[in-house]
There are 2 protein chains.
Amino acid sequence: MTGYTEKNRMLIAVDCIIFGFDGETVKILLIKRDIEPEKDKWSLMGGFVQAGESIDEAAQNILTSLTGLNGVYLEQLRVFGNPDRDPVERTVSVAYFALIDINKYKKQLNHRFHAEWFPIKEKPPLIFDHEEMVETAKTYVRYKAAHHPLLFELLPKKFTIPQVQSLYEGIFNIQLDNRNFIRKLTAANLLIKLDEKDKLNSKKGAFYFKLDKKRYKTNFPNLLSFIPKGSK
Amino acid sequence: MTGYTEKNRMLIAVDCIIFGFDGETVKILLIKRDIEPEKDKWSLMGGFVQAGESIDEAAQNILTSLTGLNGVYLEQLRVFGNPDRDPVERTVSVAYFALIDINKYKKQLNHRFHAEWFPIKEKPPLIFDHEEMVETAKTYVRYKAAHHPLLFELLPKKFTIPQVQSLYEGIFNIQLDNRNFIRKLTAANLLIKLDEKDKLNSKKGAFYFKLDKKRYKTNFPNLLSFIPKGSK
DNA sequence: TCAAAAGTGTTCGAATTACACCCATGG
DNA sequence: CCATGGGTGTAATTCGAACACTTTTGA
């Protein structure tokens, strides 16, 4: 342990991996970078941590400035700090991921950043080590979602069970038995059935549900398993 | 997203929460701080990230300088970056946790740091936000160990099943049924039985086992559950 | 010989899976 | 009137918790 003198001060950045779901596809929000280096290339939304600001605050501010959204699910992923990750100057970046309902977001987009949603599977190459960040985030979200009802953060206020199922199938890249999925999900006791039906995807129509927020909050740290054991 | 000019450069530190197990108790390694502020108070082992060094390397170097150990389990926990967490100057700290077998460590201790092992339940107050770091690490290790065979990192090369059990009981603060535990553990197929017995704790003696490293590595990311559901 | 820890076997109920089948309805 | 997705019912199986019982051996 050495003293404070003659230490190396560095830039601290925050980069946000913003995931969204539109009812069909899992997407990621990218911006077209407006500064050198790598101007006009696609990048995660990010920024530098300011003097009086905690890192969490910085992440929240960056997210809000782009999406206009507050109260969105935002979690620290991890730090990326290779000495040469930013060619201009040593910059340590703290990656955060956000989960948002795309529809909620659409209207409030700040166009200054030239942001665009890309289906996860068709995203363009990214600058610096942002590819690695996205991969890490995808892996982590999968991991966490296998135990926590995390993915509800991606859904709109009211949603149908088949929608939830296709979200899980998209995230985990698997096929699920809809009959067992329905039962597992309703058994979890997290949903409240509404009277309305969504008739877009079937003639019979699927009932809308909303989250039971109380139970959701209380049960959040508990384990849930929507993924059958046999499916790697 | 703003440019690189006029940015706030900050100190980046690494702090290590070092957990160890001596066969009976889970312990944490602390050092007596030798610089101001808070000189002579207990603290996590830490240091600043140097210019050419990645954060992971910095953490590894710090760990090695204290314990003399390499190849120890070391994982990034998360960043602590409140503006006032270090009273001297804004410092962002990346917390890492390490899991080590205490016996392995004993001989190589670097005495320069006045380090000492404390049973987790009897640790002294710590400086800055180190308490919060330790709490976060404890919670996270519990969480991860509930699904991964993480705790084997704390055990010596050869160990008995009752030892593993008391480790789990210590970490999770629960009592486990030894008969079910034995079966679960052997069913996981991670252990190789040795001929030797440990006779210290019983007259009958308990067989030593060693890890099946191949299976351990391959199965590491898979889920395992040693903790019964009923025990919060 | 007996106390105490290590380890095996057995039972029972809950949870998981696979899958047959019914429901509602727009074209 | 039938194809299509939504949803219920049910049998077969696995899994986990509880617990009776055997084994070993030093004191």
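Naming convention: chains lettered A, B, ... in sequence-line order (proteins, then strands); numbering from 1 in each chain. What you see below is based on every heavy atom in this structure, not just the backbone, and it leaves out hydrogens, waters and symmetry mates. Owing to the predicted nature of the structure, the values given are computational and were not obtained by experimental measurement.
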With [X] as the cation and [Y] as the aromatic partner, state whether NZ or CZ is under 6.0 Å from the six-membered ring centre and within 45° of the axis.
X        : Y        : value
B/Arg78  : B/Phe80  : yes
A/Lys158 : A/Tyr208 : yes
A/Lys193 : A/Phe209 : no

Please report the distance, rounded to the nearest Å, between [atom1] in [X] and [atom2] in [N].
X        : N      : atom1 : atom2 : value
B/Leu191 : C/dA6  : CG    : C1'   : 15 Å
B/Lys184 : C/dG7  : NZ    : C1'   : 17 Å
A/Lys193 : D/dG6  : NZ    : P     : 13 Å
B/Asp198 : C/dG7  : CG    : C1'   : 15 Å
A/Ile161 : D/dG5  : CD1   : C1'   : 14 Å
B/Ile182 : D/dT23 : CD1   : C1'   : 12 Å
B/Phe207 : D/dT23 : CZ    : C1'   : 11 Å
A/Leu200 : C/dG27 : CG    : C1'   : 16 Å

Inset, instruction - Remember a base hit wins even if backbone is also touched, and classify B/Asn178 as base, sugar-phosphate or nothing at under 4.0 Å, heavy atoms. - result: base
Inset, instruction - Considering only NZ, NE, NH1 and NH2 on the basic side and carboxylate oxygens on the acidic side, decide whether B/Lys27 and B/Asp22 come within less than 4.0 Å. - result: yes
Inset, instruction - Determine, for nucleotides 18-25 of chain C in 5'-to-3' order, which nucleotides have protein heavy atoms under 4.0 Å from the base (write B), from only the sugar-phosphate (write S), or from neither (write -). - result: BBBB-BBB
Legend entry - Option from A/Phe113, A/Phe128, A/Phe118 for which ring pair (Phe, Tyr, Trp, His ring centres under 6.0 Å) with A/Trp42 holds: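 Exactly one pass, corresponding to A/Phe118.
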Legend entry - Distance-only polar pair, side chains of B/Gln60 and B/Thr64, donor-acceptor under 3.5 Å: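 A donor-acceptor contact under 3.5 Å links the two side chains.
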